[in-house]
Amino acid sequence: DAKEVIPDLMEAVRQDEYGYDQARALCRMGNAGLLALCELLGDEEAHVRRAAAAAFWEAGDGLGPASAALIRAMKDDDTNVRYNLAPLLYKLGPDAIPAMVESLIDAESSVRGGSAAPLGKLGLAAQEAIPALNRLLEDKNPFVRACACEALQRIDPKQSAQAGVK
């Protein structure tokens, strides 16, 4: 049974400074593997949390069981954890919008941009993000500005055009 190897894979992630391959294997083990990755997101060691965060890309749209842990991890002290998770949160649906909006003020431009563009994938459901995205149009980082622009155009194309967002 595949579930029997989950504790061994978790330990391998903890022991290997680059435990991404082991974390990816967990991600491909269904809900039990996702829950194991959620546990690893709370690990004391940053390299473990980074590997777990990066592995969630393997889950596709099946992130549901990990929702609370992913949203909580957006407050992680490690930039790489937040950077890896920010673009995935939209897959959790409208419940993730508050966490995504909060990430728009992250100190790291990669996290701000990584949170901004995916908001557009939620369309009109992400209307509450419009004021924060408008503020990002003035961000010093061109990547962040471009991501905010893209999101605004996808959330409300008509309003964006009227506001001169191109």
Side-chain angles (χ1 to χ4, degrees), residues 20 23-24 26-28 31 33-35 37-166:
Y20 176 65
R24 285 179 47 215
L26 283 168
C27 197
R28 292 190 294 262
N31 286 349
L34 287 178
L35 294 175
L37 284 174
C38 291
E39 184 178 327
L40 293 173
L41 277 178
D43 198 271
E44 290 179 13
E45 296 292 330
H47 77 273
V48 174
R49 297 191 313 273
R50 281 185 218 122
F56 276 103
W57 283 85
E58 298 284 322
D61 292 335
L63 295 172
S67 296
L70 295 174
I71 289 171
R72 222 176 10 259
M74 286 306 296
K75 296 183 185 297
D76 195 286
D77 291 338
D78 190 273
T79 301
N80 288 316
V81 171
R82 298 189 316 274
Y83 168 76
N84 274 298
L85 296 179
L88 296 175
L89 290 185
Y90 83 93
K91 293 182 177 190
L92 303 176
D95 290 344
I97 292 173
M100 294 174 77
V101 170
E102 190 173 326
S103 296
L104 297 177
I105 59 169
D106 196 280
E108 295 295 327
S109 61
S110 60
V111 176
R112 291 192 307 275
S115 293
L119 277 162
K121 295 179 181 182
L122 294 169
L124 286 174
Q127 278 186 317
E128 69 184 77
I130 290 174
L133 289 166
N134 279 330
R135 285 189 292 278
L136 288 185
L137 294 174
E138 303 297 321
D139 196 278
K140 63 184 177 192
N141 186 295
F143 166 72
V144 174
R145 292 193 306 268
C147 289
C149 185
E150 176 187 335
L152 287 165
Q153 290 170 336
R154 292 177 88 177
I155 292 170
D156 191 342
K158 186 176 180 181
Q159 182 182 350
S160 295
Q162 289 172 348
V165 175
K166 297 179 184 179

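FYI, the numbering just counts along the sequence from 1. Hydrogens, waters and symmetry mates play no part in the numbers below; they use all other heavy atoms, side chains included.
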Please assess Leu152 against Leu137 for the test side chain to side chain contact (heavy atoms under 4.5 Å, CB included), listing each intermediate value before the final yes or no. CA-CA 10 Å; Leu152 287 165; Leu137 294 174; 3.7 Å; yes

Is there a side chain to side chain contact (heavy atoms under 4.5 Å, CB included) between Leu92 and Ile71 once you walk through the steps? CA-CA 9 Å; Leu92 303 176; Ile71 289 171; 4.0 Å; yes

If I compare all heavy atoms of [X] with all of [Y], which pair ends up nearest, and what's the gap?
| X | Y | value |
| --- | --- | --- |
| Leu41 | Ala73 | CD1-CB, 4.0 Å |
| Pro65 | Leu35 | O-CD2, 3.8 Å |
| Glu138 | Arg145 | C-CD, 4.4 Å |
| Ala23 | Ala51 | CB-O, 3.5 Å |
| Leu40 | Ala52 | CB-CB, 3.8 Å |
| Pro118 | Ala86 | CG-O, 4.5 Å |

Is any side-chain heavy atom of [X] less than 4.5 Å from a side-chain heavy atom of [Y]?
| X | Y | answer |
| --- | --- | --- |
| Leu37 | Cys27 | yes |
| Met74 | Val111 | yes |
| Leu63 | Leu89 | no |

Scan residues 93-104 for pairs that pass salt bridge (charged side-chain N to carboxylate O under 4.0 Å, His left out), counting only residues two or more places apart or in two chains. Lys75-Glu102

Between [atom1] of [X] and [atom2] of [Y], what distance do you get to the nearest 0.5 Å?
| X | Y | atom1 | atom2 | value |
| --- | --- | --- | --- | --- |
| Thr79 | Arg50 | OG1 | CZ | 9.0 Å |
| Arg112 | Asn141 | CZ | CG | 6.5 Å |
| Asn84 | Phe56 | CG | CZ | 11.0 Å |
| Glu45 | Arg49 | CD | CZ | 8.0 Å |
| Ile97 | Met100 | CD1 | CE | 7.5 Å |
| Asp77 | Arg82 | CG | CZ | 7.5 Å |

Evaluation steps, side chain to side chain contact (heavy atoms under 4.5 Å, CB included), between Leu104 and Arg135: CA-CA 9 Å; Leu104 297 177; Arg135 285 189 292 278; over 6 Å; no

